[in-house]
Structures are given as structure tokens and as C-alpha cells.
Amino acid sequence: MALASGVRFAERALLRPWALLRGTTLGRTEPAAGGGGDGARRFGSQRVLVEPDAASGVAVMKLRNPPVNALSLELLTELVISLEKLENDKTFRGVILTSDCPRVFCAGLDLTEICGRNPAHCAEYWKAMQELWLRTYLSSLVLVAAINGACPAGGCIIALSCDCRVLADNPKYRIGLNETLLGIIAPFWLKDTYVNTIGHRASEQALQLGSLFPPAEALQVGLVDQVVPEDQVQSTALSEMARWLAVPDHARQLTKNMMRKATADRLLRQRDADTQNFVSFVCRDSIQKSLQAYLEKLRQRKG
Ligand SMILES: CC/C=C\C/C=C\CCCC/C=C/C(=O)SCCNC(=O)CCNC(=O)[C@H](O)C(C)(C)COP(=O)(O)OP(=O)(O)OC[C@H]1O[C@@H](n2cnc3c(N)ncnc32)[C@H](O)[C@@H]1OP(=O)(O)O
């Protein structure tokens, strides 16, 4: 199985979730508002809310890590586990990924996880990031991103790993890989995902410039598949889901695997080296200074 080494992290998390989850309540189940039967029961964790609809075979997965859904180690872990849970439950064929935080889909890497942290922590964090990408990119489920807020960097990685992207038409909801503006670089597997989505030339330009595209431009460059008024994001995501689910699972899944396997395999072959590259890069004094300055700018911008 291509993911054999890739799933080790998730296996570890499943066997010893308490070792990875600091202060989470994974696996909690509660009735959905107004819901009744099994199909209407929510489950999930502190930072990932899952609203399953057994009748349609579709679950809505909401990122809930306020204020901006920064990808903390806990959020990454909970996302991997929630996704795995749905994949292992044959009731489900599709997941709509969206945000429970107003105006932000996902702010990308939680910079506090890599600023002023020791190399061991950065390595653990990066492995979790790799794991989420592998899990989403190769998921047998149909994944539709309902992007209801800003979607920079790591947020864009999650959206790009889905099969289809619907973006709310709000000029503040920009999407793209802005790593260079932080003084960091996208890893090769992220670059590959970008190229697979929008092509080489557009990626070359957008990656170097750190472009964050407003909705109309994101649609034009092919970064998203639909741009719709904000109140129609969810319903459009559901319509897209129906279109994808109309295809027999086995044919769609094998085709997805054929299209994506080589890209994923490239990371699987050199996962440890990629982690070491990441750690030695982000732990450099100069990079730490850039990240600190960027975080500081974000914090001051508020006041
Ligand atoms: C092998 C490879 C070798 C080397 C590779 C090296 C690196 C690999 C890179 C990997 C790829 C991924 C990279 C990333 O994801 S980096 C993160 C990039 N993200 C951003 O640039 C987004 C920054 N945030 C924003 O622009 C805004 O916050 C946003 C999302 C538009 C929302 O705006 P708004 O609603 O106005 O909210 P605030 O800006 O006021 O933010 C509220 C609060 O959140 C803090 N915050 C925001 N973003 C982050 C973050 N990413 N991490 C941590 N904290 C964040 C912000 O500071 C505020 O905090 P406060 O304490 O002031 O409340």
C-alpha cells in the first residue's frame, strides 16, 4: 500500500491519541441541532467538527480552531484522525471540508509551532503536516473544499489536496501560496501540487511572487473551480459533490490514484530527508528572525 509508511503517524495517533493530542476531546459524539437518527449525529473533536449525513454518504467537516484555524499540531492530528475515521466507515463516500471560523478558511501553518521551538518539535510538526497532505491528497473519498474565508499557504495546501474547490466571492478571501513573502519556501511536494493544479508557468510566477489571488483571479488561473456568493458556498459544494458521486467509486478512485500517486510517492520516498530539510531550514537564525518579524507584524496589524 502506497501509504504504508505514511500512515504510521496516524496509526500512532489512533493507538495513543493522548500522546499526540494535548487537551483534545477526540471521538466525542453529540446530537446535531434538531437532529434525530444516527445520520444526524455529530462527531469529531475539539478542533474538527464532523456532521455526518449517512443517508447521502456525505459528511461536512468543519475546522474549528479559532481565531484563524492556524494548523496547530493538535488540529493537524485531529484532521487526520477524523478523515481516517470517515474513510474506514463504508457509509461515507464524500467529505465537504469547510471552516467554522468566520472569514478565514485556514491561515496555514501555525507559526507559533515553528517559532522558537526545538528541532524535535519542528520535526514532529512537519511530519504531521506531511501526513495530512498524504491523507487528503490520496483520499479514496471525494473531497470538496467549501472555502468560506481567507485561504493562504497551508490553507491553500489543504484546498489543493481536495478534488474540487468552491470559493466564496469576497475580495478578502484570497487564496494562494505566499511562503516567499514570509522568507520561506514551499516544499517540492507542495510545488508539485500547485503545478498539477494550475500548470508550470502560472505556478512559477505565483510561487516566486507569493501571490494571493482574489476570487475572480483564482478562478481564472484554475486555482478554484467555482466562485459563488458567500451564502451559496455550501449548497454549491453539495451540488459539486453530487456530480462527483455520480461516478462509480472504483473507477473514480482508481483514476484519482493514477493521477496523484506519482506526486505522493515522491514525498513517500524521501519523507525523512524532507523533514530534515524543513527542520534545518526553519531552525536557521535568519529564518527564525523572519518568522518572528512576520508574526509580530500580524499581531501589530490588529491594533
Ligand atoms: C522541506 C522544505 C524546506 C523548507 C520549507 C520551509 C517552510 C515550509 C513552508 C510550508 C508551507 C506552508 C507555510 C505556511 O502555511 S506559513 C503561514 C502563512 N500564513 C499566512 O501568511 C497567513 C497569516 N495570517 C493572515 O494573513 C490573517 O491572519 C488572516 C488569515 C487573513 C486573517 O485575518 P484576520 O481575520 O484579520 O485575523 P488577524 O490577522 O487579526 O489574526 C488573528 C490572530 O491570529 C494570529 N495568526 C494569524 N495567522 C497566524 C498563523 N499562520 N500562525 C499563528 N498565528 C496566526 C494573529 O497573529 C492574531 O493573533 P493575536 O495574538 O494578535 O490575536
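Counting starts at 1 for both ligands and their atoms, in listed order.
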Problem set entry | Residue pair N196 / T193, side-chain donor-acceptor N/O under 3.5 Å | no
Exercise. Which residue from I114, I287, V104 reaches closest to atom 32 (C) of ligand 1 through any of its heavy atoms?
Worked result: V104
For this session: With heavy atoms of D110 as the reference, note each atom of ligand 1 found under 4.0 Å away.
Result: 52 (N), 53 (C)
For this session: Give a yes-or-no answer on whether the side chains of S139 and E87 include a donor-acceptor pair shorter than 3.5 Å.
Result: yes
Exercise. Looking only at distance, does L111 have an N or O less than 3.5 Å from an N or O of ligand 1?
Worked result: yes
Problem set entry | Under-4.0 Å salt bridge between K127 and E124 | no
Exercise. Under 3.5 Å between some N or O of ligand 1 and some N or O of L109?
Worked result: yes
For this session: Taking only Lys NZ, Arg NE, NH1 and NH2, and the carboxylate oxygens of Asp or Glu, determine whether E217 and R174 approach each other closer than 4.0 Å.
Result: no
Exercise. Does L73 belong to the same Ile/Leu/Val/Met/Phe/Trp/Tyr cluster as L71, with side-chain heavy atoms less than 4.5 Å apart forming each link?
Worked result: yes
Exercise. Quick one: does ligand 1 sit under 4.0 Å from the side chain of K172, the backbone, both or neither, non-hydrogen atoms only?
Worked result: neither
For this session: Please determine if A107 has a nitrogen or oxygen closer than 3.5 Å to a nitrogen or oxygen of ligand 1.
Result: yes
Seminar exercise, completed: Checking heavy atoms under 4.0 Å, the part of N178 that sits near ligand 1 is side chain
For this session: Specify whether F278 and W126 have parallel, tilted or perpendicular ring planes, treating 30° as the upper limit for parallel and 60° as the lower limit for perpendicular.
Result: parallel
Problem set entry | D169 and E230, any side-chain heavy atoms less than 4.5 Å apart | no
Problem set entry | Other residues, nucleotides, ligands: >12 heavy atoms within 6.0 Å of Q270 CD | yes
Exercise. Is it the side chain, the backbone, both or neither of L181 that has a heavy atom closer than 4.0 Å to ligand 1?
Worked result: neither
Exercise. Contact between R103 and ligand 1, counting heavy atoms under 4.0 Å?
Worked result: no
Problem set entry | Interfacing atoms of ligand 1 (cut-off 4.0 Å, heavy-atom, I185) | 5 (C), 6 (C), 7 (C), 8 (C), 9 (C)
Exercise. For ligand 1, which atoms, with element, lie under 4.0 Å from some heavy atom of F281?
Worked result: 4 (C), 6 (C)
Exercise. For L143 and L97, what are the C-alpha separation, side-chain angles and deciding distance, and is it a side-chain contact (heavy atoms from CB on, under 4.5 Å)?
Worked result: CA-CA 7 Å; L143 301 184; L97 210 55; 5.7 Å; no
For this session: Would you please say whether a donor-acceptor pair under 3.5 Å links the side chains of D192 and Y137?
Result: no
For this session: Using distance alone, determine whether D274 and ligand 1 share an N or O pair under 3.5 Å.
Result: no
Exercise. So do R165 and T197 actually touch side chain to side chain, heavy atoms under 4.5 Å?
Worked result: yes
For this session: Calculate, to the nearest 0.5 Å, the distance between atoms CG and SG belonging to L212 and C151 respectively.
Result: 9.5 Å
Problem set entry | Any N or O of Y294 closer than 3.5 Å to N or O of ligand 1 | yes
Exercise. Taking atom 3 (C) of ligand 1 as the point of reference, which of Y173, W189, F105, F278 owns the nearest heavy atom?
Worked result: F278
For this session: Taking only heavy atoms of N277 into account, list the atoms of ligand 1 that are under 4.0 Å away from them.
Result: 1 (C)
Exercise. Taking both backbone and side-chain atoms of V68, is any N or O found less than 3.5 Å from an N or O belonging to ligand 1?
Worked result: no
Seminar exercise, completed: Atoms of ligand 1 under 4.0 Å from any heavy atom of P152, numbered from 1 in the order shown, are 22 (C)
For this session: Tell me yes or no: between the side chains of E240 and Q226, is some donor less than 3.5 Å from an acceptor?
Result: yes
Seminar exercise, completed: For I184, the ligand 1 atoms with a heavy-atom partner under 4.0 Å come out as 7 (C), 9 (C)
Exercise. Where the closest heavy atom to atom 18 (C) of ligand 1 is concerned, which of C151, P67, G108, A153 has it?
Worked result: A153
For this session: Examine ligand 1 and decide if any of its atoms is less than 4.0 Å from a heavy atom belonging to A186.
Result: no
Exercise. W126 near ligand 1, heavy-atom distance under 4.0 Å?
Worked result: yes
